[in-house]
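Excluded from the calculations below are hydrogen atoms, water molecules and symmetry mates; all remaining heavy atoms, backbone and side chain alike, are included. Quantities reported herein were computed from a predicted structural model and do not represent experimental measurements.
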Amino acid sequence: MDSSTNSLDDVSADSSAEFPDRVSMMEVRLQAQEDEITLLKSSLADALRRIRIHDQLLPLLKQQLIAVNPGASRMLNQVSCSDGCTSSRKLSSSSAVDGIRHPATSQLSESTATNANGHIVSMDHQTKPATLDRSTQTEPTLSVQDAGQDRLTLSRRVQSLHLEDALFPSEPLPEGTRAKLHRVPGMEEEDEEQEEDEEGGGEQEKELAWTSLVEEPIQPTTIRGLQREDFQDGSCSPEEPGSASVSLRTSDQNLSSRSGPLSTIQEGQKPLVRRNSEKLGNPERQRKRLDKKAASSANLLTRSPSLENRAKELVASAGSPGSRRGTYSQGQSIKMFIRGRPITMYVPSNIQNYEDLKMEPPSERLDLDWVYGYRGRDCRANLYFLPTGEAVYFIACVIVLYHINNRTQRHYRKHTDCVRCLTLHPDKVRVASGQTAGVDKDGKPLQPCVHIWDSTTLVTLQQIGLGAFQRGVGSVAFSFDSGAFLCVIDDSNEHMLSVWDCTKGTKHAEIKSTNEAVFAVEFNPSDSTNIITCGKSHVYFWTLNGGQFTKKQGIFGKYKKPKFIQCFVFSLTGDVLTGDSEGNILTWGKSAADVKTLAHEGSVFTLWTLHGGGLLSGGGKDRKIIRWSADLAPERECEIPEKYGAVRTIADVDEEELLVGTTRNAILRGTFSDGFVAIVQGHVDEMWGLATHPSQNIFFTCGHDRQVCLWNTEEHKLDWCITLEEYGLCADFCPSGSVVSVGLSTGRWMVLDLLTREVVSESTDGNEQLSVMRYSPDGSFLAVGSHDNFIYIYNVTESGRRYIRFGKCNGHSSFITHLDWSKDGKYIITVQKWASYTCVLGFHVMGVWLEGSDGTDINALCRSHDERMVAVADDFCKVHLFQYPCPKPKAPSHKYEGHGSHVTNVCFTHSDSHLLSMGGKDTCILQWKVFGAGDSRERLASASVSSTSTSSPEPVTS
């Protein structure tokens with residue numbers, strides 16, 4: 001594994017060095033194009049926003065003018081009637097001056113999906129009489145029977161562009177308002193082009209664009225006065241039988257027609273009218289039409305600023321029954337930029353003084369409580385037993401000291417990236433550990449180093465080689481003469497071998513070892529000037545004299561040269577014993593192999609010398625642990641269960657009891673006679689799915705290793721684990737607490753019973769991976785977010801054991817990554833109060849994004865149940881804790897380190913007493929204790945306490 005990785009690194013390094021200039025040029029050109037597109041999108045979004053304000057507030061401006069100067073109503077009415085009569089000539093014979101048609105609404109299923117800053121999805125089931133798709137539209141029209149009435153409703157026409165698809169969704173309307181449908185006369189140019197088309201080339205169906213508008217109720221006296229003036233002027237005729245005024249029905253509200261002095265409106269259904277959404281025509285005429293539309297857009301854009309300012313003044317001073325009172329205040333918005341792309345966040349109406357909001361770090365803080373997992377899949381010799389009764393091992397950036405009897409943990413956390421190697425000082429107290437280089441958030445490489453630290457106090461004693469190693473530290477070893485020297489092999493192409501003075505921290509000697517992978521290094525116990533290294537196809541014997549190295553290569557002689565020398569130890573007689581990929585243990589003289597002993601089927605991954613002169617060997621393919629006598633005669637053996645993988649390393653507790661690290665990231669404890677049980681377990685591949693139980697101290701995980709696991713946060717152990725046919729990516733507990741749903745990589749999802757571990761239900765939605773599963777707060781619905789851009793909704797009954805498809809929500813232009821339910825269980829990702837908050841984009845969490853983010857830097861986000869704080873998982877191995885809400889950019893936070901890979905998920909437990917964070921490639925789960933707030937202290941006092949301590953400093957507040 002290591003050799004193949006090494007060769008791949010070499011090939012990629014050589015190939016990338018061949019064309020640096022070409023790659024740089026292409027990157028610069030691509031970035032320039034992206035910036036250009038971003039600028040165009042920003043300009044279009046700003047133009048649409050201004051046009052929207054213009055459309056919505058022109059009627060209010062007219063009404064304000066009439067209220068101030070009633071004499072102006074005649075002039076306004078003449079303009080309105082003139083426009084209305086002109087446009088009415090283009091309507092069909094079934095429509096009159098106020099004849100109107102239903103606006104196009106994107107309704108494709110039982111639920112309503114609106115794609116915008118709110119992503120509104122209504123769960124109210126209604127059957128709609130009209131349907132719309134991209135190619136065919138059918139529209140209902142409603143009739144009015146009021147021929148005998150002497151009053152009529154006045155429809156005012158507003159100039160606008162028909163750009164509904166790019167506008168934000170309408171907000172709920174207050175009482176006293178009604179939605180009327182108006183002709184959009186910003187399309188006169190298009191109508192003129194249609195007339196030219198009729199004159200030049202036969203009849204074509206004319207499209208009429210409409211938009212809905214909120215009007216303020218007009219006093220009956222005003223309407224009657226306007227009617228008399230209209231009829232005396234003769235520019236318009238009174239309303240004829242069959243003309244219509246539509247009451248717009250949505251899944252959230254029914255807007256009824258006006259009563260009282262106005263005309264009585266009765267809803268009547270006309271036959272559905274079919275029209276084409278797109279027409280094919282002369283390309284030249286289409287280009288001219290687009291030019292005219294662009295010119296019209298430019299004119300509107302130049303007029304918009306003054307209209308916007310007047311609109312703000314009008315909204316601030318009006319307060320009339322007809323003024324719009326949506327969820328968001330008009331004109332109040334904040335733009336945040338992600339990779340140069342502007343994203344508009346609208347300020348909720350209950351926030352009056354946004355600029356005066358103060359962003360502070362939360363009063364709560366986190367302390368590392370428990371680490372789940374062990375890195376055995378790709379590391380060697382990383383498990384030791386201390387005289388204190390603790391096993392020392394590592395995963396991610398944390399070195400764990402686990403007391404095997406008390407079942408408590410302590411943590412050494414001074415490493416800044418993944419720990420790769422570990423060794424124990426001859427005094428059994430000091431420990432040396434090396435890390436990889438890693439990169440910072442800007443992609444610049446960080447400097448690897450070796451830490452020498454005290455395992456009793458967790459205090460760092462010496463930092464070795466900062467800036468001297470390349471890529472990382474692969475192997476370390478103390479000399480046996482009181483541990484005065486430390487030997488280090490780095491991960492560079494030449495695998496530099498260096499010897500350091502542990503007391504002074506200075507380099508004593510250095511040499512290039514080999515271009516092949518190196519697996520282990522050790523000093524000779526009887527002579528600290530002799531050093532041995534082994535790896536791919538080699539065993540080297542080094543002699544250090546006067547700061548200079550001399551090398552002798554091991555000669556295999558009559559024995560076949562193995563592909564890998566995996567490990568070696570020194571016998572009590574001073575001989576070197578090596579274990580190789582052929583399953584042999586070779587005994588070496590001065591530099592030649594003397595005796596071969598066939599030990600295992602497959603590789604010999606580890607060798608360990610016992611105090612009495614015996615030897616332990618661990619096998620790969622056969623998963624056996626064999627005890628040998630001093631003369632290499634087998635004495636006892638046992639085989640570990642297949643689910644734990646092969647033997648990676650061995651440490652003896654005493655002459656009988658052993659600790660065994662495995663390739664499937666488990667640590668086993670046991671004896672040859674009683675067998676072995678797991679005391680540490682973890683995932684073995686990248687993890688993404690994380691869910692916490694709604695009422696118990698348990699959580700659920702899944703990942704690319706196809707394992708789904710249930711963990712206990714109080715007892716810090718794995719309750720159960722099963723292996724699926726496909727890998728899981730997301731999960732959620734049903735509010736009943738008896739089942740958990742898991743979304744898989746193939747579009748399939750299943751529901752597991754927590755007690756029996758059996759599959760109680762399963763279904764498939766699409767053929768792409770599922771990225772989010774979310775139950776509604778009452779457990780009556782399940783939303784399934786997929787990479788096919790759809791959200792699938794299911795009715796849930798029988799405490800989460802029965803599922804019936806309710807509908808499918810569309811409208812997203814890319815795959816679903818996060819979703820949340822409102823507290824009443826009727827909306828997904830809207831502006832209501834949320835039962836949960838996991839969406840990484842939104843006004844209330846705008847401050848979690850760092851300056852210069854590319855839009856993918858934050859992988860997950862979770863708000864606490866008490867709505868006081870929000871935890872964030874980022875791509876830079878950090879967990880952040882912000883106050884909630886944090887709606888201002890550059891909000892301060894507490895920052896915590898420990899993961900060695902991108903953090904894929906975070907989740908609070910049901911009582912907010914703990915936070916769980918999940919690494920990606922580091923396969924590590926960190927359990928953080930929440931403390932610092934008043935009620936948090938009380939919760940923690942009553943919670944199960946593990947004697948956990950750490951030497952890490954206070955978290956950085958950014």
Side-chain angles (χ1 to χ4, degrees), residues 374 376 379-394 399-410 412 422-432 454-456 477-478 480 483 520 522 525 567-573 575 577 579 585 599-600 604-619 623-641 644-663 665-681 716-717 947:
Y374 156 75
C379 290
R380 295 169 170 80
N382 61 349
L383 176 63
Y384 295 90
F385 187 73
L386 301 177
T388 57
E390 295 170 307
V392 56
Y393 59 93
F394 60 78
I399 300 177
V400 181
L401 295 90
Y402 174 63
H403 199 290
I404 62 174
N405 293 323
N406 299 339
R407 302 187 67 239
T408 58
Q409 284 186 356
R410 297 187 297 140
Y412 179 79
L422 189 71
T423 191
L424 190 60
H425 194 275
D427 63 9
K428 305 295 182 181
V429 175
R430 283 176 281 181
V431 178
D454 190 302
S455 63
T456 304
F478 280 108
F480 286 87
E522 279 289 354
C567 54
F568 69 90
V569 293
F570 291 90
S571 68
L572 294 181
T573 60
D575 292 332
L577 305 177
I585 297 177
H600 292 273
V604 179
F605 277 152
T606 184
L607 294 172
W608 183 264
T609 306
L610 297 174
H611 295 292
L615 180 71
L616 295 174
S617 64
R623 307 188 312 280
K624 288 182 179 180
I625 302 173
I626 302 177
R627 178 169 179 162
W628 306 82
S629 64
D631 56 357
L632 292 183
E635 295 180 342
R636 305 183 69 175
E637 70 175 51
C638 68
E639 182 178 327
I640 66 174
Y644 299 128
V647 178
R648 176 62 77 186
T649 187
I650 299 174
D652 64 322
V653 177
D654 50 41
E655 287 297 318
E656 290 296 326
E657 192 173 19
L658 305 176
L659 296 178
V660 180
T662 73
T663 57
N665 293 351
I667 297 178
L668 311 181
R669 179 186 182 185
T671 63
F672 283 99
S673 57
D674 298 333
F676 292 85
V677 295
I679 59 174
V680 176
Q681 288 178 267
H716 307 118
K717 69 182 184 68
S947 58

Can you name the nearest heavy-atom pair linking Glu655 to Leu610, along with the distance? OE1-CB, 4.3 Å
Just wondering, do Tyr412 and Val431 contact through their side chains at under 4.5 Å, heavy atoms? no
Can you confirm whether Thr662 sits close enough to Arg623 that some side-chain heavy atom of one is under 4.5 Å from a side-chain heavy atom of the other? no
So Arg407 and Lys717, do their side chains get closer than 4.5 Å, heavy atoms only? yes
Which atoms form the tightest heavy-atom contact between Ala651 and Phe385, and what is the distance? CB-N, 4.3 Å
Compare all side-chain heavy atoms of Gln681 with those of Tyr644 and state whether any distance is below 4.5 angstrom. yes
Provide the closest heavy-atom pair for Ala391 versus Leu659 in the form atom of the first, atom of the second, distance. CB-CD1, 3.7 Å
Donor-acceptor under 3.5 Å (Asp454 side chain, Arg430 main chain): no
Closest approach of Leu572 and Gly612, non-hydrogen atoms and distance? CD1-C, 4.2 Å
Heavy-atom closest contact (Leu422 atom, Tyr393 atom, distance): CD2-CA, 4.2 Å
Please step through side chain to side chain contact (heavy atoms under 4.5 Å, CB included) for the pair Asp652 and His611, ending with a clear verdict. CA-CA 10 Å; Asp652 64 322; His611 295 292; 3.8 Å; yes
Trp628 and Ile585: CA distance, side-chain angles, deciding distance, side chain to side chain contact (heavy atoms under 4.5 Å, CB included) verdict: CA-CA 11 Å; Trp628 306 82; Ile585 297 177; 4.2 Å; yes
Any side-chain heavy atom of Ser673 sitting closer than 4.5 Å to one from Arg636? yes
Quick one: does Phe672's side chain get under 4.5 Å of Leu658's, heavy atoms only? yes
Does Cys567 offer a backbone N or O that forms a donor-acceptor pair with the side chain of Arg380 under 3.5 Å? no
Heavy-atom side-chain contact between Val392 and Ser455 under 4.5 Å: no
Quick one, Phe676 and Ile625 - any side-chain contact, counting heavy atoms below 4.5 Å? yes
What one should report as the nearest heavy-atom pair of Thr609 and Phe570 is OG1-O, 3.5 Å
Under 3.5 Å: donor-acceptor pair, side chain of Arg669, backbone of Glu657: no
